[in-house]
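For reference, the structure discussed in these notes is given below.
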Amino acid sequence: MARLPATWFDGRSAEAQAVELELDAEQLLLHRADALAPPQRYARRAVVWPERTRHGQRQLLLPDGSVVALPDAAAWDAWASAAGVAQPLAARWALQWRGVMAALILLIALLGGAWRWGIPWGAEQAVRWVPAGVEARLGQMIHEDLRRRGWLKESALPAATTERLREAVDAMVRAAYAEGERPRYRLLVQRGPRWLGPNAFALPGGDIVVTDALVELLQAPGEAAVSPALLGVVAHELGHVRGQHGLRLVAEAGAVSVLLGWWIGDFSSLLAAAPALLAQSAYSRGHERSADAEGLRIMRAAGIDPRAMVQFFAALKKALPERDGDSPAFGLATHPTDSERVRFFEQAAGAARP
Amino acid sequence: MESTTRAARIDFSASGSEYFRIWIVNLLLIVITLGFYLPFAKARRLRYFYANTAVGGQPLAFHGDPWKMLRGYLLMLALFGLYAVSGQLSGWLPVIAFLALAGLWPLLWRSSLRFRLANTSWRGLRFGFEGSVADAYRAMLPLFVPGLILIATSAWALNGVAQDDEAAMAAASARMLPGMLAGLLASVLLLPLGFWLIKRYQHGGYRYANQRAQFDAGVGSFYKLGLKAIGLSLLAVAAFGLLLAVLLPAAGAALKGAGMVGATAVTLIVLVLYVGLLSLMQAYTVARLQNLSWNATRSASLRFDSQLGVRALTERTLRNLLLTVLTLGLYRPFAVVNMAALRLQALTLHFDESPSQWRADASADRVGASGEMSGDFFGFDVGL
């Protein structure tokens, strides 16, 4: 095989030395200008070979730290392929536009699939591994935090009302789930600040908080039976508890921000914030829909008419006229629109729209 | 014998479309390997950029071993994971995690510089970083002082105050106010000092062959730059405020009844203006800082001259931002290449003697790889 002329920087001085390269089965030989000196020998496997880019000088990085500069790229490419020096797969792929387009399509498909199925599935699995004690502790810490901020105080409702509610929810859970499958939950009725209004939310670990304002909204004073609408709302929250949505959203948001970080190349960028928020909101809406579905199942099993939820949305609208339940907020809404949810329950009840 | 000063430009020959191809394949492999390919992707990126960065006709070379970088990357993943998890919990945990990270940060920064430079060569000779650990901590100290003031003040004011006691909370907030103001003032006043210390540490630690760099700018020049930047930002804020004062009433009248759509349109326009002004201020600071730092960097036989223009940088930043958003991020590799080109081509090196006479520094020592990925992980590049 012919020898290839090249330039060598020996790593001890910055002087350029003219050398000739030779390749045998296992080694790269470097012949120096001094014809009497024996050639330097390097194992082929230990040499870092250049990629065949169109721009940028080809360089050989030798294991002793020295560098071979190959200004004539074409000569090197020809000589190297004749000598059987293979390019790594990734480099070969990036060379042709066909390969790149295929990679781009595959990448978009993978990322799309990840967003739609991969991340939710992964989050669901990951969350199952979190010990129940840890999840409960997390929920407790959040609850403690809310209490310390003064946002959640002792309920001002009569004890009888909250007791009846607890019993009714307990009966509902027994009807809906077989022994041993019941989600661990704890129903808390607490007085919230004015801005929280009639509300209910589920914390990781199973604590479900219902505000006094919600009970006052849905429960007529003096009424003995617990309002079905109220039970419907609690059923929805039980859906969240069952699905461990609190932790799942945390895992999903984390995974999305990692993917976006790789795409944008920078984790702290402003550019990554908007799509991350959009993705998180989309996952949140998905969780709300599945909580509605689970709530419906619980209601049906307990013999509660799904129309009770329609009544709930109507009561909410009457009590809070300024609240715009139908605004999609351009993809940033954490819940699906009220109309969509009302439709869901109406269809379930088999009722036609008035 | 006469020694003439030779000027050498930096030739940056990387192509945006070629880097796009490398980037796509890298990204695909990163996604397929669930992130483990990242150090390898970074090594390939650096090799491409270095091979396209030529000084006096000879390019740089990157010698980093991706397998070693993988070790550091895994370490950073673990640390980052712990930090993210602790951030979700309430109580003292996030504070402790933050303090731990802050404590490690200068160490990681220094390791990162040492790794990157020791694995960079020009004409076969390696670069190096000579800054000490103690100096790294000293350089970063001013940045932590405002944060510490704020934490200490809140802790002192909130001591023994129950959060549901509204009167006590109000009193505590009033007590916190002077401390918060002091913290804010400190952060503004100490910022130029912080930047100066960091640049002095960085640029004063660079070594190539037997050439040891020194940093000649005084802290006063950084305060001057700081004042100009503040002046510019005050102007920008005033302009922004004026625009809002004029725009919002007019928009309100014109879009009456357009409801959500109108409100969103106005919000978008305001956001665009805000981002534009922010980019202008950022470009100003980056350009002036690059010029200031590199013009003050010299060694025995070498000095630098940086002439990066603010207008050119602003135009390019805005154009890159617009195209990146419009293409949902696909323009990013092109943006990275053209930004590097602008910043590198603003530099000129002046050699007092021919560099081919230079010899390697005999005391160069080996560096560990865990520092390298820390720099990458937190989103900043310890290069230029």
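Everything quoted here is computed from the prediction, not taken from an experiment. Just so we're on the same page: letters track the sequence lines, and every chain starts at 1.
Shown here are the ring pair (Phe, Tyr, Trp, His ring centres under 6.0 Å) partners of Trp121(A), two or more places apart in sequence or in another chain: there are none. Shown here are the salt bridge (charged side-chain N to carboxylate O under 4.0 Å, His left out) partners of Arg32(A), two or more places apart in sequence or in another chain: there are none. Residues satisfying the salt bridge (charged side-chain N to carboxylate O under 4.0 Å, His left out) criterion with Asp207(A), sequence neighbours excluded, are Arg186(A).
Note that CH2 of Trp263(A) and CH2 of Trp23(B) are 4.5 Å apart. Values are rounded to the nearest 0.5 Å. In this structure, Gln59(A) CD and Tyr50(B) OH are separated by 11.5 Å, a value rounded to the nearest 0.5 Å. For the atom pair CZ (Arg47(B)) and OG1 (Thr53(A)), the distance works out to 12.0 Å, reported to the nearest 0.5 Å. Distance check: Thr53(B) OG1 to Gln57(A) CD gives 11.5 Å after rounding to the nearest 0.5 Å. The CG atom of Leu28(B) sits 9.5 Å away from atom CG of Leu104(A), with the distance rounded to the nearest 0.5 Å. The line from CD of Glu18(B) to CD of Glu51(A) is 9.5 Å long, rounded to the nearest 0.5 Å.
Between Ile24(B) and Met101(A), the closest side-chain pair of non-hydrogen atoms is not below 4.5 Å. By the 4.5 Å heavy-atom criterion applied to side chains, Arg12(A) and Arg359(B) are not counted as neighbours. Proximity of Leu125(B) to Phe9(A): side-chain heavy atoms (C-beta onward) are nowhere separated by under 4.5 Å.
Using a 4.5 Å cut-off between heavy atoms, Phe40(B) does not touch chain A at all. Proximity to chain A (any heavy atom under 4.5 Å) is shown, for Leu271(B), by neither the backbone nor the side chain. Neither the backbone nor the side chain of Phe49(B) comes within contact range of chain A; no heavy atoms are under 4.5 Å apart. Contacts between Leu29(B) and chain A at a heavy-atom distance below 4.5 Å involve the side chain alone, from C-beta outward. In this structure, chain B has a heavy atom under 4.5 Å from the side chain of Leu61(A), while its backbone stays farther away. The contact between Ser121(B) and chain A is made entirely by side chain atoms (from C-beta outward), counting heavy-atom distances below 4.5 Å. Using a 4.5 Å cut-off between heavy atoms, Pro355(B) contacts chain A through its backbone alone, with no side-chain atom that close. Only the side chain of Tyr37(B) comes within contact range of chain A, judged by heavy atoms closer than 4.5 Å.
The local environment of CH2 in Trp97(A) is crowded, with over 12 non-hydrogen atoms from other residues, nucleotides or ligands closer than 6.0 Å. Counting non-hydrogen atoms of neighbouring residues, nucleotides and ligands closer than 6.0 angstrom, the CD atom of Gln125(A) exceeds 12 such neighbours.
Closest of all the heavy-atom pairs between Ser13(B) and Gly56(A) is OG-N, 4.2 Å. For the pair Ala16(A) and Arg123(B), the tightest heavy-atom approach, listed with the atom from each and the gap, is N-NH2, 4.1 Å. Summarising the geometry of Arg126(B) relative to Gly65(A), their closest heavy-atom pair is NH2-CA, 3.6 Å, with the distance given to 0.1 Å.
The residue among Val31(B), Ile22(B), Val336(B), Ile32(B) with the most heavy atom pairs within less than 4.5 Å of chain A is Val31(B).
Within residues 108-119 of chain A, the residues having any heavy atom less than 4.5 Å from a heavy atom of chain B are, in residue-number order, Leu110(A), Leu111(A).
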Test Trp358(B) against Glu15(A) for side chain to side chain contact (heavy atoms under 4.5 Å, CB included), laying out the working first. CA-CA 8 Å; Trp358(B) 292 351; Glu15(A) 198 176 332; over 6 Å; no

